[in-house]
Chemist: 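Have a look at the structure that comes next, please.
Counting begins at 1 with the first residue of the sequence. Scope of the values below: all heavy atoms of this structure, side chains included, with no hydrogens, waters or symmetry mates.
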Amino acid sequence: MEKSKQTGKRLMKKNKKRICIGMMCCVAFFVHAQDPLPAPLAGDRPLPSIAPLAKLSGIQDTIEVYVPMPRVFRNTTENSVFDPEGILCPVWERMKRLRRGESDDTLRIVHIGDSHVRGGFFPQAAADKFAYSLGAVSYTGMGVNGATSLTFTHPDRIAGIVALNPELIVLSLGTNESHNHRYHSSTHYHQIDELVCLLKARLPDTPILLTTPPGSYEGYRGRRRTSALTINSRTFTVVKTICRYAQEKRLAVWDMYSLVGGEKDACRNWKEARLLRPDHIHYMPEGYKLQGELLYEALIRSYNAYVTR
């Protein structure tokens, strides 16, 4: 009896051992038969952002833009940027990538100018429009009261512009040059060139857009001592000089003066629309806002032409 019990116990132990080995083999086969599990995501790496399908399709590359002129404005021309050399194409490409959601890098625009820019309304109006349509746009106004082209040739001012690392520079000058009674076109031409050369030396890959002044009167002497206001005729010569420089140096130019009526009607248009300040040189906030929106419209029209060519 004792031998038979011992024999039975040994058989039970062997059977248990065989069952355990069999189960382990089944588990091993099951595990090796599965697809490998994906590696866990790194906790400090954000998932890449994916642009909406509507943006990736390219349907929304273009941007709707329309800025109405005041009803009293006469002899206005088509609002466009003159850029036959296509120097602004890198800017349009950056805008297209922002529009499609393919880039979240901020597009940096620096707007340099005189008191028209210093007041803030002009660049802010353009900045607001760009922010609405493209989002990631840094639009910096850098204006100095009484500034001419020579004002920004100072090393500190050049360094300040370079520090902003702009991808587009807008130069809005010319009003103060036009109020110099000893104005000379060739001198003005060389002063523009001095500034542009300094900028290009430090920012060789940054395109530059020149703009023309909006127009102004002269003869105002304050409330107590007034004299007859006359249109500042030198503005027309200043505008021709800026446009000639842009053409000969292969830069882009936005001719606001011709857009809003030119030599014949620019000043009258601003005055009749009541957009000039009492000195008839500076503008009401609504006037500067219109200028900023018109600049935005001209740039977006060129951008639309680029993405639909």
Side-chain angles (χ1 to χ4, degrees), residues 73 75 111-123 141-154 157 169-196 198 208-246 253-292 294-295:
F73 274 33
N75 292 322
H111 193 162
I112 298 165
D114 46 34
S115 55
H116 297 318
V117 174
R118 177 69 177 84
F121 295 106
F122 183 4
M142 186 180 288
V144 177
N145 290 339
T148 65
S149 296
L150 289 181
T151 304
F152 289 94
T153 60
H154 191 280
R157 290 203 167 100
I169 295 175
V170 181
L171 292 181
S172 293
L173 297 160
T175 293
N176 292 301
E177 284 91 340
S178 73
H179 281 272
N180 182 352
H181 289 272
R182 293 182 293 179
Y183 174 82
H184 199 282
S185 179
S186 63
T187 301
H188 183 201
Y189 186 99
H190 289 297
Q191 289 173 347
I192 299 172
D193 190 54
E194 183 177 351
L195 173 58
V196 170
L198 287 171
I208 296 174
L209 171 67
L210 301 178
T211 78
T212 60
S216 61
Y217 288 82
E218 58 183 348
Y220 180 80
R221 296 179 182 275
R223 293 181 180 178
R224 296 182 180 178
R225 295 174 56 198
T226 59
S227 61
L229 285 169
T230 58
I231 293 173
N232 183 354
S233 59
R234 287 181 297 277
T235 303
F236 181 61
T237 307
V238 165
V239 169
K240 288 196 299 182
T241 302
I242 293 172
C243 291
R244 179 167 61 90
Y245 180 85
V253 64
W254 178 57
D255 187 1
M256 175 167 53
Y257 185 70
S258 297
L259 166 66
V260 298
E263 182 181 19
K264 182 180 178 181
D265 286 307
C267 289
R268 293 188 182 95
N269 286 341
W270 292 118
K271 185 178 179 181
E272 290 184 14
R274 298 182 179 180
L275 295 174
L276 282 166
R277 288 192 179 275
D279 64 3
H280 288 72
I281 297 173
H282 299 94
Y283 289 76
M284 302 296 289
E286 295 81 6
Y288 285 127
K289 181 180 178 183
L290 176 59
Q291 293 172 24
L294 287 172
L295 172 59

Chemist: Looking at OH of Tyr189 and CZ of Arg244, how far apart are the two atoms once the value is rounded to the nearest 0.5 Å?
Modeler: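 Separation between the atoms: 5.5 Å.
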Chemist: Identify the heavy atoms of Gly287 and Leu275 that sit nearest to each other, and give their distance.
Modeler: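 That would be N-CD2, 3.7 Å.
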Chemist: Using every non-hydrogen atom in the two residues, find where Gln191 and Leu150 come nearest and quote the distance to one decimal.
Modeler: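 Minimum heavy-atom contact is NE2-CD1, 3.3 Å.
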Chemist: Counting N and O atoms only, with roles assigned by atom type, does the side chain of Arg277 sit under 3.5 Å from a partner on the main chain of Tyr283, one being a donor and the other an acceptor?
Modeler: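 Side chain of Arg277 to backbone of Tyr283, a donor-acceptor pair under 3.5 Å: yes, one is there.
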Chemist: Restricting to non-hydrogen atoms, name the atom on Leu229 and the atom on Gly219 that form the minimum distance, rounded to 0.1 Å.
Modeler: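 That would be CD2-C, 4.3 Å.
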Chemist: Rounded to the nearest 0.5 Å, how far does CZ of Phe122 lie from CG of Asp114?
Modeler: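 Rounded to the nearest 0.5 Å, the CG-CZ separation comes to 9.5 Å.
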Chemist: Please assess Arg234 against His181 for the test side chain to side chain contact (heavy atoms under 4.5 Å, CB included), listing each intermediate value before the final yes or no.
Modeler: CA-CA 9 Å; Arg234 287 181 297 277; His181 289 272; 3.6 Å; yes
Chemist: Distance check, rounded to the nearest 0.5 Å: Leu209 atom CG versus Leu171 atom CG?
Modeler: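 Going from CG on Leu209 over to CG on Leu171, the span is 8.0 Å.
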Chemist: Under the rule for side-chain contact (heavy atoms from CB on, under 4.5 Å), what residues qualify as partners of Asp265, not counting sequence neighbours?
Modeler: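 So Asp265 forms a side-chain contact (heavy atoms from CB on, under 4.5 Å) with Arg74, Asn75, Arg268, Asn269.
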Chemist: Within the 4.5 Å heavy-atom criterion, are Leu259 and Trp254 side-chain neighbours or not?
Modeler: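 Side chain of Leu259 against side chain of Trp254, heavy atoms only: contact under 4.5 Å found.
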Chemist: Is there side-chain contact between His188 and Asn180, with heavy atoms separated by less than 4.5 Å?
Modeler: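 A side-chain contact is absent here, since even the closest heavy-atom pair is not under 4.5 Å.
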Chemist: Please give me the minimum heavy-atom distance between Pro214 and Tyr257, naming the atom from each residue.
Modeler: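 Heavy atoms only, the tightest pair is O-CD1, 3.7 Å.
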Chemist: Could you tell me whether the side chains of Asn176 and Thr148 share a donor-acceptor contact shorter than 3.5 Å?
Modeler: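 The criterion, which ignores hydrogens and geometry beyond distance, is not satisfied for Thr148 and Asn176.
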Chemist: May I ask you to decide if Ser149's main-chain N or O and Glu177's side chain share a donor-acceptor pair within less than 3.5 Å?
Modeler: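 Confirmed, Glu177 side chain pairs with Ser149 backbone.
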Chemist: Nearest 0.5 angstrom please: Leu198 CG to Phe152 CZ, how far?
Modeler: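 If I round to the nearest 0.5 Å, the distance is 13.0 Å.
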Chemist: At what distance, to the nearest 0.5 angstrom, does CD1 of Ile112 lie from CD1 of Ile169?
Modeler: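 Interatomic distance, Ile112 CD1 to Ile169 CD1, rounded to 0.5 Å: 5.0 Å.
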Chemist: Mark yes or no for whether Ser258, through its side chain, and Asp255, through its backbone, hold a donor-acceptor pair below 3.5 Å.
Modeler: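 Flag not set: sc Ser258 to bb Asp255 has no pair under 3.5 Å.
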Chemist: Determine yes or no for a side-chain-to-main-chain donor-acceptor pair under 3.5 angstrom, with Trp270 supplying the side chain and Gly215 the backbone.
Modeler: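 No, the answer is negative, given that no donor and acceptor are paired below the 3.5 Å cut-off.
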Chemist: Given side chain to side chain contact (heavy atoms under 4.5 Å, CB included), test Met256 with Leu295 step by step and report yes or no.
Modeler: CA-CA 8 Å; Met256 175 167 53; Leu295 172 59; over 6 Å; no
Chemist: I need the minimum non-hydrogen distance between Ser178 and Ser216, along with the two atoms involved.
Modeler: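 For Ser178 versus Ser216, the nearest heavy atoms are OG-OG, 4.5 Å.
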Chemist: Check whether any side-chain heavy atom of Thr230 lies under 4.5 Å from a side-chain heavy atom of Glu218, and answer yes or no.
Modeler: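 SC-SC contact between Thr230 and Glu218 confirmed.
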Chemist: Under the side chain to side chain contact (heavy atoms under 4.5 Å, CB included) criterion, do Arg274 and Met284 qualify, and how do the steps go?
Modeler: CA-CA 8 Å; Arg274 298 182 179 180; Met284 302 296 289; over 6 Å; no
Chemist: Report the C-alpha distance between Leu195 and Leu173 in whole Å, list the side-chain angles of each, state the deciding distance to 0.1 Å, and finish with yes or no for side chain to side chain contact (heavy atoms under 4.5 Å, CB included).
Modeler: CA-CA 11 Å; Leu195 173 58; Leu173 297 160; 4.1 Å; yes
Chemist: Got a sec, which residues hit ring pair (Phe, Tyr, Trp, His ring centres under 6.0 Å) with His282, two or more places apart in sequence or on another chain?
Modeler: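 His282 satisfies ring pair (Phe, Tyr, Trp, His ring centres under 6.0 Å) with His116 once adjacent residues are dropped.
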Chemist: Please evaluate residues Ser185 and Thr241 with respect to the criterion side-chain hydrogen bond (donor to acceptor under 3.5 Å, both in side chains), reporting the C-alpha separation (whole Å), side-chain torsions for both, the decisive distance (0.1 Å), and the verdict.
Modeler: CA-CA 6 Å; Ser185 179; Thr241 302; 2.7 Å; yes
Chemist: Below 30° counts as parallel, above 60° as perpendicular, anything between as tilted: where do the rings of His280 and Tyr217 land?
Modeler: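 Rings of His280 and Tyr217: perpendicular, as their planes differ by over 60°.
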Chemist: How close do Val238 and Gly174 get, counting heavy atoms only, and between which atoms?
Modeler: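 Minimum heavy-atom contact is CG1-O, 3.7 Å.
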